[in-house]
Amino acid sequence: MSRSFRAETVKLVRRPATWLLLAITLVLSLIFTYVFPYAGVAGGTDGPNTDRGLPALLPDQLVGNSLGGLPVFLGAILLILGVLTVGGEYGWGTWKTVLTQGPTRLEVYAGKLLALAAAALAVVLAVFAVGAVASLLIASAEAQPVTWPSAGDLLTGIGAGWLIATMWAMLGAVLAVALRAVALPVGLGLVWMLAVQNLLAAIAAPLVDWVATAQEGLPGPNAGSLAAALGAPGDTPGVAAAVGGGQAAVVVAAYLVGFAAVGAVLLRRRDIG
């Protein structure tokens with residue numbers, strides 16, 4: 001499995017799509033978390049997230065600001081990465097080539113998942129790093145005191161972000177295995193994350209009690225609750241305290257493990273062609 005992990009890591013690093021997705025993630029995080037709100041603060045204009053005020057952009061809010069995009073928009077990019085990592089083998093017809101080299105299906109699959117988990121951690125760390133630089137520049141420009149979150153808060157935030165990001169990547173992986181493709185899993189995953197779960201939360205849940213109750217067990221609302229518990233702005237799409245932070249962490253972790261396990265079962269039992 002270690003050899004499969006190294007091979008999958010090399011593939012991720014050398015794949016241009018990986019770096020493109022990372023760049024999109026960082027640009028989106030920077031623009032919607034810092035650039036637009038700061039433009040509103042500096043110019044007194046109205047726009048997306050411009051009502052947060054200067055204190056919400058300073059370094060002491062780094063943890064919450066870095067986690068805000070993961071329940072929906074940045075999480076969708078991790079889902080795409082998961083689909084590409086696993087589904088690419090179906091699109092290129094390389095499963096048989098890989099397996100003839102010696103490793104079993106589950107060894108290759110485990111290597112892919114470990115590489116995805118490592119990539120998810122790298123993305124989260126990059127988001128925190130970009131946020132730290134942006135908040136420091138804003139504080140310097142506005143002559144504000146620079147106060148960073150404690151080391152414990154930072155580690156907790158990074159851990160929570162890694163958990164959420166890895167869960168979405170695992171959802172992409174299991175969709176790729178279930179549908180044995182790339183385009184359809186990406187499409188279905190994005191429709192769920194960007195449309196269906198938001199419609200359920202905004203329209204169905206306030207009207208139907210059982211939908212509101214079911215929301216508490218879905219991955220998106222629990223990811224949003226975990227981010228909210230750690231200070232993510234409540235006006236960010238997908239961020240809302242539907243359940244407590246502890247329950248949210250357990251549910252997100254359960255989905256992560258469940259997605260990985262379902263993908264393993266499907267891959268082991270089904271034809272790879």
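Note that this is a predicted model, so its numbers are computed, not measured.
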Min side-chain heavy-atom separation L12-L81 under 4.5 Å: yes

E107 versus S4, side-chain donor and acceptor atoms under 3.5 Å: no

Close side-chain approach of L58 and T147, heavy atoms under 4.5 Å: no

Closest contact, heavy atoms only, A173 versus L113: CB-CD2, 4.0 Å

Close side-chain approach of L62 and L154, heavy atoms under 4.5 Å: yes

Distance-minimising heavy-atom pair for P55 and Q61: O-CG, 3.4 Å

Side-chain (T236) to main-chain (P233) donor-acceptor, under 3.5 angstrom: yes

Lys/Arg-Asp/Glu bridge criterion (N-O < 4.0 Å) met for E8, R3: no

Gap between atom CD of Q144 and atom OG of S135 - 0.5 Å precision: 12.0 Å

D153 versus T156, side-chain donor and acceptor atoms under 3.5 Å: no

Sub-4.5 Å side-chain heavy-atom contact between L74 and S29: yes

Contact check, side chains of V251 and Y255, non-hydrogen atoms, under 4.5 Å: yes

Under 3.5 Å donor-acceptor, T18 side chain and R14 backbone: no

Any donor-acceptor pair under 3.5 Å from N65 side chain to L57 backbone: no

N222 vs L226 side-chain heavy atoms within contact, under 4.5 Å: no

W19 and V13, any side-chain heavy atoms less than 4.5 Å apart: yes

Closest approach of Q197 to W168 (non-hydrogen atoms, all atoms of both residues): OE1-CH2, 4.1 Å

Plane angle bin for F32 and F36 - parallel if under 30°, tilted between 30 and 60°, otherwise perpendicular: perpendicular

Reference residue V174; test side-chain contact (heavy atoms from CB on, under 4.5 Å); the match among V83, V262, L267: V262

Check: Y38 ring centroid to Y34 ring centroid under 6.0 Å: no

Close side-chain approach of R269 to V265, heavy-atom, < 4.5 Å: yes

